Structures are given as structure tokens and as C-alpha cells.
Amino acid sequence: MAKLVAAFFLALIAISMLQVMVLASHGHGGHHYDQKHYGPGSLKSYPECPSQCSRRCSKTQYHKPCMFFCQKCCNKCLCVPPGYYGNKAVCPCYNNWKTKEGGPKCP
């Protein structure tokens with residue numbers, strides 16, 4: 001049983017490393033974003049948040065929690081970073097809002 005658990009963790013580490021290498025080789029996923037379009041306060045109001053969060057959360061297996069927290073962050077910051085993951089530096093408010101434990105609040 002211990003060998004199976006060890007093999008599982010090694011596989012997870014290998015997959016994570018592969019993901020990082022692919023993202024790095026494509027320059028953050030191969031996307032270049034105009035910061036003026038995605039920057040702080042780039043959204044006009046609440047009605048724009050659901051569509052932006054749907055885009056942001058479309059590739060996660062945790063869609064409901066992602067949507068909940070993304071919309072909460074969008075309503076406060078009026079900004080949702082480009083892409084499906086990362087790129088949070090484009091929206092400082094979204095990036096800097098932390099949980100009580102110090103982890104990221106926004107997906």
C-alpha cells in the first residue's frame with residue numbers, strides 16, 4: 001500500500017512539473033494580454049462579472065466555488081484577470097485580497 005501511495009505522489013509531482021514546463025515554454029500559456037483592457041476597474045459594473053468569471057472558471061473541476069469567489073472578487077475589484085489561471089498581477093486588488101489564513105481569496 002505504501003508503494004502505491006508513493007507512486008501516486010510521484011506521478012502528481014511529475015504532472016505538475018510537466019505543466020510548469022509547458023506553461024513556461026509558451027510564455028504563460030502563449031497569451032499576451034493588453035493590461036489596459038484587463039487592468040484595475042476594467043469592468044464597468046456587476047453585470048459584467050458573471051460572464052468574465054464563467055470564462056475564468058471554465059476549465060476548473062471546482063466550477064461552483066470558483067464562480068462564487070470570482071464573482072465576490074469581481075464585485076469588489078471590478079476586474080477579472082485574463083486566462084483561466086494566473087495572470088493575477090494584472091488586477092492588483094484581485095491578486096492581493098487574502099483569506100484569514102493568508103492564502104489567495106480570488107481564483
Side-chain angles (χ1 to χ4, degrees):
M1 183 66 174
K3 288 183 181 181
L4 183 62
V5 172
F8 177 73
F9 282 120
L10 285 174
L12 283 176
I13 291 170
I15 290 169
S16 296
M17 291 174 66
L18 180 62
Q19 224 174 3
V20 169
M21 289 182 352
V22 168
L23 286 175
S25 70
H26 288 94
H28 300 291
H31 303 304
H32 299 283
Y33 300 105
D34 178 12
Q35 288 194 359
K36 292 177 186 172
H37 180 68
Y38 288 98
S42 61
L43 301 179
K44 301 283 186 252
S45 64
Y46 167 76
E48 295 180 53
C49 291
S51 63
Q52 291 298 313
C53 288
S54 285
R55 173 193 48 79
R56 179 87 175 161
C57 297
S58 65
K59 295 198 176 188
T60 182
Q61 62 182 344
Y62 306 106
H63 188 73
K64 285 185 181 181
C66 181
M67 286 293 292
F68 175 80
F69 287 107
C70 179
Q71 289 187 57
K72 190 172 192 161
C73 295
C74 180
N75 289 334
K76 178 181 176 184
C77 302
L78 291 178
C79 182
V80 176
Y84 308 108
Y85 183 79
N87 303 311
K88 290 184 182 182
V90 174
C91 298
C93 169
Y94 194 97
N95 187 38
N96 298 331
W97 197 11
K98 305 294 182 195
T99 63
K100 292 176 189 174
E101 294 80 26
K105 181 108 174 173
C106 305

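In this text, all values refer to a predicted model and were calculated from it rather than measured experimentally.
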Between N87 and P82 (side chain of the first, backbone of the second, donor and acceptor by atom type, cut-off under 3.5 Å), is there such a pair? yes

Nearest heavy-atom neighbours spanning Q71 and P50: OE1-CG, 3.9 Å

Under a 3.5 Å distance rule, please check whether S58 uses its side chain to pair with a backbone N or O of R55 as donor and acceptor. yes

For residues K76 and W97, determine if any side-chain heavy atom of one lies less than 4.5 Å from a side-chain heavy atom of the other. yes

Taking the two cysteines C74 and C79, decide whether their SG atoms are closer than 2.5 angstrom. no

So, taking the atom named SG in C73 and the one named NZ in K105, what distance separates them when rounded to the nearest 0.5 Å? 7.5 Å

With distance as the sole test, does K98 use its side chain to make a donor-acceptor pair with the main-chain N or O of N95 at under 3.5 Å? yes

Are the side chains of V80 and C70 in contact, using a 4.5 Å heavy-atom criterion? yes

Do the side-chain sulfurs (SG) of C53 and C66 come closer than 2.5 Å? no

For the pair C93/C77, is the SG to SG distance below 2.5 Å? yes

Would you verify whether the NZ or CZ of K88 falls within 45 degrees of the ring axis of Y94 while also being under 6.0 Å from that six-membered ring's centre? no

